[in-house]
Amino acid sequence: MSSAPDVPPPASVRALDERLDVIGRQPFRARFRLLGRERALAVERGPATIRWHAYDLLARRLAPAEPYKDGKQTPYRGHPVFVAQHATATCCRGCLQRWHGIPKGRELSRAEHVYAVHVICRWIERELTRGGADGADGVSPARPV
């Protein structure tokens, strides 16, 4: 376990939503929507399974101190977690540092890992309650909620 201080998760769903709203105002991040195959997968598998997938994917692709191909390790499509990672700036260590204050160059602490999973799963939950058009690519122009 790392000796660096853990980043606590936001105190409430409201605080997490506020953070996601700020991140979602960045034009690149605002493009991402959970549509098509990724949306269907999230609905079919359910929140518990998607949470487990997020935890596992982050453990392999993001948690190491120096992830393999950092900055290019997260696909844009293929799984709802991948889409969510780009939408929430949890796609690489640079974005984690810039948007969430989690430093690069060391392994994620358990609390940081769990925090990133919470961010991803909350975004997916919000997307599923948003409703929306079916699309094949998982990326669409931002629409007002």
Visitor: Could you state the interatomic distance from CG (Leu96) to CG (Leu62), rounded to the nearest 0.5 Å?
Guide: 5.0 Å
Visitor: Between the side chain of Glu112 and the main-chain N/O of Ser109, is any donor-acceptor distance below 3.5 Å?
Guide: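 Here the side-chain-to-backbone pair exists.
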Visitor: Are Ile120 and Trp99 co-members of a hydrophobic cluster defined by side-chain heavy atoms under 4.5 Å apart?
Guide: no
Visitor: Where is the tightest heavy-atom contact between Trp123 and Leu20, given as atom of each residue plus distance?
Guide: N-CD1, 3.9 Å
Visitor: Ignoring hydrogens, what is the shortest heavy-atom contact between Val117 and Tyr55? Give both atom names and the distance.
Guide: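 For Val117 and Tyr55, the tightest heavy-atom pair comes out as CG2-CA, 3.6 Å.
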Visitor: Tell me whether the count of non-hydrogen atoms from other residues, nucleotides or ligands lying under 6.0 Å of CZ in Phe28 goes above 12.
Guide: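 Atom CZ in Phe28 is crowded, with more than 12 foreign heavy atoms closer than 6.0 Å.
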Visitor: Once salt bridge (Lys or Arg N to Asp or Glu O under 4.0 Å) is applied, what residue pairs with a partner in residues 42-55 remain, sequence neighbours excluded?
Guide: none
Visitor: Once salt bridge (Lys or Arg N to Asp or Glu O under 4.0 Å) is applied, do any residues pair with Asp56, and if so which ones, sequence neighbours excluded?
Guide: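 With neighbours one apart ignored, the set is Arg60.
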Visitor: Would Arg29 and Cys95 satisfy side-chain contact (heavy atoms from CB on, under 4.5 Å), going step by step from the backbone distance to the final call?
Guide: CA-CA 11 Å; Arg29 309 268 172 222; Cys95 290; 3.1 Å; yes
Visitor: If you look at every heavy atom in Phe82 and Arg77, which pair is closest and at what distance?
Guide: CD1-O, 3.5 Å
Visitor: What's the spacing between Arg106 CZ and Glu66 CD if we round to 0.5 Å?
Guide: 13.0 Å
Visitor: Can a donor-acceptor pair be found, under 3.5 Å and without considering hydrogens, that links the side chain of Thr49 to the backbone of Gly46?
Guide: no
Visitor: Under the 3.5 angstrom rule, does the side chain of His100 hit a backbone N or O of Thr88 as a donor-acceptor pair?
Guide: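 Judged by distance alone, yes, a pair lies under 3.5 Å.
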Visitor: Just checking, is any N or O donor in the side chain of Tyr76 or His86 under 3.5 Å from an acceptor N or O on the other one?
Guide: no
Visitor: Quick check: does any side chain N or O of Gln97 sit under 3.5 Å from a backbone N or O of Lys104, one acting as donor and the other as acceptor?
Guide: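 At least one qualifying donor-acceptor pair exists.
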Visitor: If the condition is side-chain contact (heavy atoms from CB on, under 4.5 Å), which residues does Glu18 pass it with, not counting sequence neighbours?
Guide: Arg14
Visitor: If I compare all heavy atoms of Leu34 with all of Arg39, which pair ends up nearest, and what's the gap?
Guide: O-NH1, 3.0 Å
Visitor: Just jot down the side-chain hydrogen bond (donor to acceptor under 3.5 Å, both in side chains) partners of Thr74, sequence neighbours excluded, or say none.
Guide: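 Checked Thr74 against side-chain hydrogen bond (donor to acceptor under 3.5 Å, both in side chains); zero matches.
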Visitor: May I ask you to decide if Pro67's main-chain N or O and Arg93's side chain share a donor-acceptor pair within less than 3.5 Å?
Guide: no
Visitor: So, for Glu38 and Gly78, which heavy atoms are closest and what is the spacing to 0.1 Å?
Guide: OE2-N, 2.7 Å
Visitor: Residues in side-chain hydrogen bond (donor to acceptor under 3.5 Å, both in side chains) with Gln73, at least two apart?
Guide: Asp70
Visitor: What are the two closest heavy atoms between Ala54 and Cys121, and how far apart are they?
Guide: CB-SG, 4.4 Å
Visitor: Establish whether Leu128 and Leu41 are linked, either directly or via other cluster members, by ILVMFWY side-chain heavy-atom contacts under 4.5 Å.
Guide: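 Unlinked, Leu128 and Leu41 end up in two clusters.
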Visitor: Decide side-chain contact (heavy atoms from CB on, under 4.5 Å) for Val83 and Ile124; before the verdict, give the C-alpha distance in whole Å, the side-chain angles of both, and the deciding distance to 0.1 Å.
Guide: CA-CA 9 Å; Val83 177; Ile124 292 172; over 6 Å; no
Visitor: Tell me, do Cys92 and Lys69 make a side-chain contact under 4.5 Å, heavy atoms counted?
Guide: no
Visitor: Please check if Val22 and Val119 belong to a single hydrophobic cluster, counting links between Ile, Leu, Val, Met, Phe, Trp and Tyr side chain heavy atoms closer than 4.5 Å.
Guide: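 Not linked; separate clusters.
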Visitor: Atom CD1 of Ile50 and atom CD of Glu125: how far apart are they, to the nearest 0.5 Å?
Guide: 13.0 Å
Visitor: Would Phe32 and Leu16 show up in the same hydrophobic cluster when neighbours are defined by side-chain heavy atoms closer than 4.5 Å?
Guide: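 Both belong to a single hydrophobic cluster.
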Visitor: For His53, which residues count as a side-chain hydrogen bond (donor to acceptor under 3.5 Å, both in side chains) partner, sequence neighbours excluded?
Guide: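 Once residues adjacent in sequence are excluded, the partners of His53 under the side-chain hydrogen bond (donor to acceptor under 3.5 Å, both in side chains) criterion are His79.
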